[in-house]
Amino acid sequence: MSTDLRGQSIGVGLGRLDGVPKVRGTALYAYEQPVPQPAYLHPVQATIAKGTVVGIDTGAAEALDGVLIVLTHLNAPRLVDTNDQELLVLQSAAVGFRGQFIGAVVAESSEIARHAAGLVEVAYEPAPHDSAFSVGEHDYVSLESAPGLPRQVSEAEIRAAIAAASTAVDQTYTTPPEYTVPMEPHTSVAIWHDGILTMYESTQGVHSFRAGLAPLFDLKPEQVRVISPYVGGGFGSKLEIHAQAVLAAMAARELPGRAVKVALTRQQMFSLSGYRPPTIQHVRLGADLDGTLTAVAVDVLEQSSRTKEFSEGSDGPARMMYVAPQRRTTNRPVVLDVPVPTWMRAPGRCPGMFGLEVAMDELAVACAVDPIALRVRNEPRVDPETGQPHAFRHLLDCLQLGAERFGWGHRDPAPRARLQHGWWSGIGVASATYPDWHEPDNAARIRFEADGTYAVQIAAADIGTGSRTALTQIAADALGCPVQCVRMEIGDSDLPRASDAGGSVGTISWGAAIVAAAEAFRDQHGADPPLGAETEAQAPEVNDGDRSRHSFGAQFAEVRINADTGEIRVSRMLGVFSVGRVINPVTARSQFLGAMTMGIGMALHEHGVMDPRFGAIVNHDFADYHIPTCADIEDLDAIWLEEHDAPSGVSGARGLGEIGIVGAAAAIANAAYHATGVRARNLPLTPDTFLS
Ligand code: MOS
């Protein structure tokens, strides 16, 4: 498609602008940045789940040729800001989880560092630990539902409503620990020069990264520069600072003139870069004979870590999805001696919509109502949680369009109706949702360059989503020029202030700042600006008009399950999404398909297996932690509604990076029930689920 469209770039399927340098290997990721005198760090990790380091012998490591320094809690410099326990590396002898950093070797090569790390001798005094996530005797974060929740009834009222209902579903659903496993591991390169710390970092937000890192070293944010032009995937795991970055900065300060590089190994990532915590979801639905909900109750347990509290928030979607007079959700993080969980694509909504949407399918069966008709019947007129009118809620449009495209009308009414060549097949549906958020704190700068192009600068991140390309299109339209005349500069904390690539807010929030800067630039310099003309502007506040703002979608899946072996395959999948105006259909489609693929992984493969005796995830590599490969993906498609609602963000666009995973696993589990008559409530759906 031609890209020479003056002022008409939004909506064009422009190929990603950094595709060629990435494929050629000229796009430099953090670890590949050329730095003077690089040194290589390899950490030493705790081999107990809880206790104290009582002896650590670094003699053999230090004696090795090429070793520059060995850091332990005995000689590591003191960190200043002590708020975040996950980042307080080598500050005491205490061990809070297996895999925690207890030392680090820096050497002239990564091989020497790794070898030397293996020579460090550690003696422990272990303490009793609790690493088994279950319903039972644990420490809980006292957080009986989120504060300030309106429209909650008591547990007694829920029990009464369920007892009085014509039909009820009362089941428990579980999701396991899941890992973001981005292709580029968590990587930091640290250099100190004249009291200024420069970090080449694989991060989803250079400004929040430096704001979090600076106080640990008693620096002002301006004394830290974070450079991150390319990021090989994050999925949420590169929103928070992780301990390897602190270790790199600490080691580099001890080695003046040297740049210290660390890239976590795949196995280290399972302890040190976060994960989606496992959940246990007790879902109760009460309904009239025709499926009209009378009660919705969701009580969630989620794993948290004693080192640092984390709440996934899986009860969230049940508060706003469907209307019901009696409603209650609670959420209790279970505090264990385990690695620290973190954000992972569509936190809360993704696991929460597994339990809720499978329960809705169970209710449809119990009431003998079509699953789509059940959702139509329970569609709220206003947001059930806040009572606000919806700014845009097109769930039913997504379900209807998907039903037509997917051939829902031909679905057998009863389960276990289709057996062909030894494979049962069936189709299922589930809803998707994700909030429409905006980050107001963004600024952009535009400068007219000698070569006739516009440099458009904002410290945004492109973690592989295509945001660099979409922002170029937004800038081109705002300036009224072809995309070839725009040069996007992102990923550097020296650029104007940008919020994170998280919560699906990136492109629309950064885009709003770019549009504001373009308007200010034209006001100041006109259509024919002088060379060097420059303007910086802030994004305006978004006024949400007291309306409920969520995007919606519908996921359709067809599965086949081998009658003899239980092997399950996703034969066909269609996602239909309502996300406002789409800036770039190529990169948007790629986000949806990628997220749905991740949903297939969640449904069929992904399962971090905790051995509670050792507090360790035993399948901590790609040999044993399975994610989908090309061979697992057959017919996958994503489409979206044409929308003409009042504009939300830039040009009426909303975020779309996360909604594509929401509901995907539920649609697959519901299809599996339709195929076999076996109701799966625990992820992933391994073959034994279907063998009885
Ligand atoms: Mo997303 S988990 O907010 O990067």
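Both counts, for ligands and for their atoms, begin at 1 and track the order of listing. Just so we're clear, the structure is a prediction, and the values are computed from it rather than from any experiment.
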Residue portion contacting ligand 1 (non-hydrogen atoms closer than 4.0 Å) for Q204: side chain
Numbered atoms and elements of ligand 1 in range of R345, under 4.0 angstrom, heavy atoms: 2 (S)
Per-atom contacts of ligand 1 with G236, taking only distances under 4.0 Å to non-hydrogen atoms: 2 (S), 4 (O)
Contact partition for E658 relative to ligand 1, non-hydrogen atoms under 4.0 Å: side chain
L239 neighbourhood, listing ligand 1 atoms whose heavy-atom distance to it stays under 4.0 Å: 3 (O), 4 (O)
Top protein contact for atom 3 (O) of ligand 1, by heavy-atom distance: G503 N, 2.6 Å
Geometric class of the Y140/H138 ring pair [parallel <30°, tilted 30-60°, perpendicular >60°]: perpendicular
Subset of ligand 1 atoms that lie under 4.0 Å from at least one heavy atom of F235: 2 (S), 4 (O)
Aromatic ring pairing F354/Y173, orientation class (parallel under 30°, perpendicular over 60°, tilted between): perpendicular
Ligand-residue contact atoms, ligand 1 with M344, heavy atoms, under 4.0 Å: 2 (S)
G502: numbered ligand 1 atoms lying under 4.0 Å from its heavy atoms: 3 (O), 4 (O)
Under 3.5 Å side-chain donor-acceptor pair for T342 and E240: no
Basic-acidic side-chain contact under 4.0 Å: R98, D337: no
Ligand 1-proximal atoms of P347, by part, heavy-atom distance under 4.0 Å: side chain
T175 side chain to T279 side chain, donor-acceptor N/O pair below 3.5 angstrom: yes
Aromatic plane relationship, H242 with H186 - under 30° parallel, 30 to 60° tilted, over 60° perpendicular: perpendicular
E184-Y29 side chain donor-acceptor pair, cut-off 3.5 Å: no
